[in-house]
Amino acid sequence: MPTAPDDHFYDRADAHIHLANGQLKDADRGRVSASFLYGASRFNVHVAACNSGSRDALVDGRAGIRDYYVAEYAKMLEAHLDDYIAHYHRYMSSDDRQA
């Protein structure tokens, strides 16, 4: 499983968001969001597979891997919803409306 955030955690996250924002010129937000979520899940499974040591260990750890990532995503989603609700007018006042 992933380690605790380090000094570059937010820089890497911002780089992914910047990439997604750049794709808005060619696709709508929903399509970019779906691709972003797909890519994150694919990479997370790759990380889990690399950490598993074997196919059997990956099979045995499947439920725990899924539960971990779903719980982490839910926590992050709730935190960002709280932030957007608290600061809605500031975040949504831009004509550009990028994340």
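What you see below is based on every heavy atom in this structure, not just the backbone, and it leaves out hydrogens, waters and symmetry mates.
Residues passing the side chain to side chain contact (heavy atoms under 4.5 Å, CB included) test with Phe43 are His46, Val47, sequence neighbours excluded. Here Ala27 pairs with Arg31, Val32 under the side chain to side chain contact (heavy atoms under 4.5 Å, CB included) rule; sequence neighbours left out. For Arg62, there are no side chain to side chain contact (heavy atoms under 4.5 Å, CB included) partners two or more places apart in sequence or in a different chain. Evaluation of the side chain to side chain contact (heavy atoms under 4.5 Å, CB included) rule for Ser52 yields Ala57, Leu58 as partners, not counting sequence neighbours. Considering only residues two or more places apart in sequence or on other chains, Asp83 meets the side-chain hydrogen bond (donor to acceptor under 3.5 Å, both in side chains) condition with His87, Tyr91.
Atom OH of Tyr84 has more than 12 heavy atoms from other residues, nucleotides or ligands within 6.0 Å.
Put simply, OG on Ser41 and OH on Tyr73 are 10.5 Å apart, with the number rounded to the nearest 0.5 Å.
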Identify every side-chain donor-acceptor pair in residues 74-81 under 3.5 Å, counting partners at least two apart or on other chains, and give the distances.
| from | atom 1 | to | atom 2 | distance (Å) |
| --- | --- | --- | --- | --- |
| Lys75 | NZ | Glu72 | OE2 | 2.8 |

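Screening residues 8-23 for salt bridge (Lys or Arg N to Asp or Glu O under 4.0 Å), with sequence neighbours left out, gives Asp6-Arg12. Here salt bridge (Lys or Arg N to Asp or Glu O under 4.0 Å) pairs that include residues 37-56, with residues two or more places apart or in two chains, number zero.
Across Asn44 and Tyr69, no two heavy atoms sit closer than the pair CG-CE2, 3.4 Å.
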